[in-house]
Amino acid sequence: MRTIEWDAGVVRLVDQTKLPQEYIILEYDDYLGVGKAIKEMEIRGAPAIGAAAAFGMALAAVKSKAGTRDEFLRDLEEASLYLGGTRPTAVNLFWALERMLRRARSSDIADLDLLREDLVAEAQRVADEDVVINKRMGANGAALIVDGMSILTHCNAGALATVDFGTTLGVMRAAHAQGKRIHVYVDETRPYLQGARLTAWELMQEGIPMTLITDNMAGHFISRGKVDIVLVGADRVAANGDVANKIGTYSLAVLARENGIPFYSVVPTSTVDLQTTTGEDIPIEERDHREVTHVRGVPIAPEGVQVANPAFDVTPHRYVTGIVTEEGIAYPPFEINLRRVVEKAK
Ligand code: MRU
């Protein structure tokens, strides 16, 4: 199934906290449940979070007992505020909430039941479009991959981080389908291990050759010429091309530059935030310190130790070779070329 889908008034999603040991489908029938699923990372990855937010709003619409349009819009705004408080860095969350609110506010449908149905259809469109966009990104990015290339990736920007197909893994899937022989080095991605748990699982299912490494091995392999290109996703790209992505991405970009290999971020245009001028303005989520002191529930540090757990870092645009989108690859100057792809997507 898709990572997330709407099924007769229920949102069904693959529980990413349990993979790869268990494949469990969770069901939520109210927006509070969907918000909890986003916060606790049962669903994660910027585009998947966006789709979850859209379906959360659809649930809020369906469940609203409002009798007037004003009450109905107030219910939606309340749901949007709650869902918007779950994860601050992934801009797709706010993009999807804004899209759903805009649809409701600007609709000329007077009958509230019909408006409810229209919002469910809009959320479904957010999900369906994501899959189409990922395939277009995959095709655009696959042009960068030549036969025999070795790719290094971080975190999970695969089907699980989207509705289906993936951004970065979409590029790998497309290149693999074109018959190009690729090999992927997968960073385990501490603290939450999205690389080891999710990316490794997806690539193995797809039969794409890969090697799992710990994050601190990346420099070793890159410096020995084992990596030709670094491909990552992003949770938010600022107007100047600064890229916020999973903690550890910045170190990879610096390593790539030092060793003369290209560094690309693969994102839908909904991840490009033209309202945010530079990476300094991107809010960085600080997550539960137990993610650092524990691995899958097992303590690994002395009790009471001081901990930091920023979930993302910002890679300055000077380290970014290009940004692959569904509308083509944006190269520097990013201020101009990112705006161009966003405009094209509209
Ligand atoms: O904390 P996560 O697992 O939601 O972080 C996900 C990432 O950092 C991904 O690289 C990003 O969202 C892009 S997903 C296509």
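Every value quoted in this text rests on a predicted model; they were computed, and no experiment measured them. Start at 1 and go down the list; that is how both ligands and their atoms are numbered.
- Looking at T199, L203, I145, V266 one by one, the single match for side chain to side chain contact (heavy atoms under 4.5 Å, CB included) with M172 turns out to be L203.
- You'll find the side chain of H183 stays beyond 4.5 Å of the side chain of K226, heavy atoms only.
- Of the candidates A244, A161, A234, A234 brings a heavy atom nearest to atom 13 (C) of ligand 1.
- Residue contact check for ligand 1: Y192 places no non-hydrogen atom closer than 4.0 Å to it.
- Summarising the geometry of R12 relative to E27, their closest heavy-atom pair is NE-OE2, 3.3 Å, with the distance given to 0.1 Å.
- No side-chain donor from either of Q178 and R173 sits under 3.5 Å from a side-chain acceptor of the other.
- For atom 11 (C) of ligand 1, the closest heavy atom belonging to the protein is D235 OD1, 3.0 Å.
- Nearest heavy atoms, E78 versus Y31: OE2-OH, 3.8 Å.
- Per-residue contacts place N245 under 4.0 angstrom from the following atoms of ligand 1 (heavy atoms of the residue considered): 7 (C), 8 (O), 9 (C), 10 (O), 11 (C).
- In terms of protein heavy-atom proximity, atom 15 (C) of ligand 1 is nearest to T167 OG1, 3.4 Å.
- Checking R287, H154, K246, R44 against atom 1 (O) of ligand 1, the nearest heavy atom belongs to K246.
- Residue-to-ligand polar distances place G45 within reach of ligand 1: an N/O pair is separated by less than 3.5 Å.
- Residues F55 and A123 come closest through the heavy atom pair CD2-CB, 3.7 Å.
- Of the N and O atoms on the side chains of D228 and S150, not one donor lies less than 3.5 Å from an acceptor on the other residue.
- Contact between E285 and ligand 1 is absent, with no heavy atom of the residue lying under 4.0 Å from the ligand.
- Residues D235 and T271 fail the side-chain proximity criterion, which asks for heavy atoms closer than 4.5 Å.
- Here is the list of ligand 1 atoms found below 4.0 Å of a heavy atom in A157: 14 (S), 15 (C).
- Against a heavy-atom cut-off of under 4.0 Å, Q194 is close to the following atoms of ligand 1: 1 (O), 2 (P), 3 (O).
- Contact check for F221 versus L152: no side-chain heavy atoms found under the 4.5 Å cut-off.
- A heavy-atom separation below 4.0 Å is not found between A90 and ligand 1.
- In terms of polar-atom proximity, defined here as any N/O pair under 3.5 Å, A46 does make such a contact with ligand 1.
- Ranking the protein heavy atoms by distance from atom 4 (O) of ligand 1 puts R87 NH1, 2.8 Å first.
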